[in-house]
Amino acid sequence: MKHIFFCFFVLLSLQAMAQEKNSIAVTMNRVTLQFALDDEGAPGYAVYFDKKPFITPSRLGFVLKDAAPLENGFEITGSDKRAVDETWKPVLGEVSTIRNHYEELTVHLRQKNSPNILLNIIFRVFEDGVGFRYEFPKQPNLKYFIISDELTQFNFGGDHKVFWIPGDYDSNEYLYTVSKISEIDNTAMVKSSTDIAVRDAPDKYAVQTPLMLKTADGLYINIHEAGLVNYSSMQLHVNTATYSMSASLVPDAVGNKGYLHAPAKTPWRTIIVSDKATDILASKMILNLNDPSVITNTSWIHPMKFVGVWWEMQTGKSTWNYSDFADSLSAEGKPIPNGKHGANTANVKRYIDFAAKNGIQGVLVEGWNTGWEDWFGNWKEPVFDFVTPYPDFDISEITRYAASKGVKMIMHNETSGSATNYERQMDTAFRFMNNHGYTSVKTGYVGKIIPRGEHHDGQWMVEHYLRVAEKAAQYHVMLDAHEPVRPTGLQRTYPNWLACEAGRGNEYNAFSTGSPPAHETIMPFTRFMGGPMDYTPGIFKLRNYVGYAPTRQMHTTLAKQLALYVTIYSPLQMAADLPENYEAHMDAFQFIKDVPVDWDNTKIIEAEPGEYITIAREEKGAPNWFVGAITNENSRTGNVPLSFLDNGKKYVATIYSDAANADWKTNPEAYIIQQFIVYSNTTLKLILAPGGGAAVSIKPATESNSKGLQGYK
Ligand code: NOJ
Ligand code: CA
């Protein structure tokens with residue numbers, strides 16, 4: 001394999017580029033893409049921002065199994081260009097209308113030597129970056145083929161700051177390390193991970209995408225992929241000496257990276273760039289590169305907030321399992337209840353009552369079905385059948401009760417990694433949901449994948465998650481997948497796939513080492529770039545738990561938990577704490593009641609990865625605005641000009657902020673709530689405690705809601 005790249009492909013001035021036979025350039029505003037073949041016929045590309053290269057010449061190509069490598073010997077047989085400028089409306093989203101504006105270049109390549117393999121590379125150049133994909137057209141000498149390696153490179157030409165997690169084939173539930181490219185080595189991170197999935201990260205220089213980088217002169221670069229379908233997910237192998245990264249596809253059990261059949265397309269490789277961090281968060285490039293919805297009737301797809309019988313198990317107040325042991329039976333041959341089972345009918349009704357009373361649409365119940373006594377890490381199947389409730393979970397009564405209160409139940413299908421078992425039982429499971437009025441499902445893939453040797457992020461599982469999304473759509477069920485491959489914008493194509501976990505959620509924040517307060521300021525630049533996360537915010541009781549977690553403490557203030565409903569976009573948001581913990585702070589819970597999960601408009605006001613984020617969003621179909629501001633371990637003042645409000649119109653702002661003496665470590669639950677009259681020329685100064693945040697709801701003033709309120713000073 002060739003390591004020194006491109007004797008011919010030098011960085012050219014933009015004018016010179018246009019004259020070279022084997023070089024083609026496309027520019028959109030500040031971004032230029034250059035494609036070139038070097039003198040050995042090896043394809044490569046470079047990307048410029050304001051005429052300066054930030055992706056220096058980087059190779060493209062493949063190594064196929066049992067075939068000559070597709071790395072050089074190519075000639076350009078033609079190229080096409082087209083421009084697209086259109087708008088479209090997502091079913092659910094951060095904004096109601098999205099502009100899709102790009103210049104497309106398709107380069108048609110043919111290998112000069114027999115068997116003359118054909119390969120197309122399609123580039124789309126946007127105002128905020130470049131996406132490109134490979135296409136293997138239908139051709140006589142390439143039918144079924146196996147990918148041994150994708151050669152795509154990202155040469156950064158500098159030792160940038162990078163926010164990374166290890167290239168684990170099975171988990172994204174890691175803390176982010178912030179380092180120089182030259183310092184990447186994931187060994188310590190993999191060792192110290194508290195993830196309950198099974199780790200497999202054999203390359204100590206591998207990292208995962210979405211990957212966020214920042215150059216010394218303030219350029220923000222994000223690398224990911226869009227439209228991951230029928231292909232393995234792309235991790236990146238880092239050359240720490242040359243600041244170069246190359247695609248490292250997640251292999252299958254025998255080391256193959258992908259099985260394709262021409263005509264075939266790879267996912268898009270995405271490079272988002274700006275000199276403003278806020279532009280990275282506002283980018284719609286990944287969504288734009290995905291296909292439009294394949295679901296034509298979307299009237300059954302609804303965003304929602306939910307509560308659940310869940311946090312009480314996470315903190316050890318109750319259990320998922322009904323008995324303590326799978327094989328100990330009473331004299332009558334029945335399982336012996338342990339007296340702590342969370343998913344019992346009376347407790348579930350308590351959550352339904354709380355949801356109904358507070359306008360929360362959904363209730364999740366975990367641990368309702370048999371199998372939890374012995375579910376994890378066994379590499380055996382089947383564990384769960386997805387239709388057999390424990391004896392104290394009266395599903396008919398719960399179905400009736402929830403319907404009478406206008407609450408939707410959320411099904412839980414933990415597969416314990418046995419995807420084959422789930423596939424065999426999927427129709428039965430979804431029919432069961434339909435019969436009991438469940439309109440959404442949370443799936444889970446804890447542990448090693450069965451079939452053996454497959455990985456959570458490999459091609460076989462990528463196809464599995466899509467089969468589940470399609471099956472769910474067939475039964476009009478919305479999907480929230482835990483432990484799947486990380487999202488790549490497919491929520492555009494499958495709008496019933498509301499959210500994924502695929503990252504280190506709030507639950508880790510309560511574990512002993514937890515996640516530092518900076519975590520939620522990094523996630524939007526990394527994991528969230530691909531799509532919504534079921535992060536489970538909204539914990540109010542931040543320490544002194546009962547159960548097995550008495551010494552745990554969340555690494556956040558209460559006001560920050562409120563702000564997360566705005567800084568995290570997801571059409572599915574949990575109010576994760578227990579009803580009794582909310583009932584102790586109903587004044588603060590009002591924000592969770594009010595905040596929507598679907599938006600007409602989003603303004604990224606301030607952002608710096610690892611430091612702070614302030615976002616304002618306008619409710620879908622209503623003139624109400626919501627602001628969330630969060631910080632890392634340092635206190636700060638967020639400045640929020642309300643220029644997005646209608647000029648001259650009077651509004652009431654309700655500000656939920658950290659009390660003056662609040663601190664995530666020593667005084668996390670101290671908050672204050674204030675109300676003021678505000679206008680579009682008001683600038684809010686939000687004072688955030690260390691590890692803190694602020695949440696604001698802004699509604700048009702009426703006589704009753706503005707009575708006695710002062711103007712904001
Ligand atoms: C891990 C998930 O992230 C968590 O939410 C769930 O409760 C457990 N698996 C059990 O399925
Ligand atoms: Ca998880």
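Everything numeric here is computed off the predicted structure, so don't read it as measured data. Just so you know, ligand 1 is whichever comes first in the structure, and atom 1 is the first atom listed for that ligand.
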Point to revise | Residue part near ligand 1, for W372, under 4.0 Å between non-hydrogen atoms | key: side chain
Which atoms of ligand 1 sit under 4.0 Å from any heavy atom of [X]?
X	result
V446	1 (C), 9 (N)
H412	11 (O)
E501	3 (O)
H482	2 (C), 3 (O), 5 (O)
Q314	4 (C), 7 (O)
W310	4 (C), 5 (O), 6 (C), 7 (O)
W320	7 (O)
E507	3 (O), 4 (C), 5 (O)

Check your understanding: Mind checking whether E312 and N347 have side chains closer than 4.5 Å, heavy atoms only?
Key -> yes
**Study point:** Nearest to the Ca ion (ligand 2) - the N/O/S atom of E173, by atom name
**Key:**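 This residue's closest N, O or S atom turns out to be OE2.
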Review point. Looking at the Ca ion (ligand 2), which N/O/S atom of E501 is the nearest one?
Key: OE1
Check your understanding: Hey, do the aromatic rings of H412 and W372 have their centres closer than 6.0 Å?
Key ->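 So the answer is yes for these two rings.
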Exercise for review: Could you tell me whether E366 and K442 have a side-chain N and a carboxylate O separated by less than 4.0 Å?
Suggested key: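 Result for this pair is yes, salt bridge flagged.
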Exercise for review: Scan N344, D392, N369, N338 and name whichever one has a side-chain contact (heavy atoms from CB on, under 4.5 Å) with Y322.
Suggested key: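 Answer after filtering N344, D392, N369, N338: D392.
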Point to revise | Given E225, E173, E501, the one that forms salt bridge (Lys or Arg N to Asp or Glu O under 4.0 Å) with R486 | key: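 It is E225, the one option of E225, E173, E501 that forms the salt bridge (Lys or Arg N to Asp or Glu O under 4.0 Å) with R486.
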Check your understanding: Going through the checks in order, is the side chain to side chain contact (heavy atoms under 4.5 Å, CB included) test met by Y475 and Y438?
Key -> CA-CA 10 Å; Y475 285 90; Y438 285 70; over 6 Å; no
Check your understanding: Quick one: is the NZ or CZ of R543 closer than 6.0 Å to the six-membered ring centre of W664, and within 45° of its axis?
Key ->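 Here R543 fails the 6.0 Å and 45° test against W664.
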Review point. Do Q491 side-chain atoms and L287 backbone N/O form a donor-acceptor pair below 3.5 Å?
Key: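 Side chain of Q491 to backbone of L287, a donor-acceptor pair under 3.5 Å: no, none is there.
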Exercise for review: Looking only at distances, please establish whether an N/O atom of ligand 1 is found under 3.5 Å from an N/O atom of E366.
Suggested key: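 N/O-N/O distance under 3.5 Å: yes.
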Point to revise | Any N, O or S atom of E483 closer than 3.0 Å to the Ca ion (ligand 2) | key: yes
Exercise for review: Flag yes if more than 12 heavy atoms outside K541 fall under 6.0 Å of its NZ atom; otherwise flag no.
Suggested key: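 Yes - once you tally the heavy atoms of other residues, nucleotides and ligands closer than 6.0 Å, there are more than 12.
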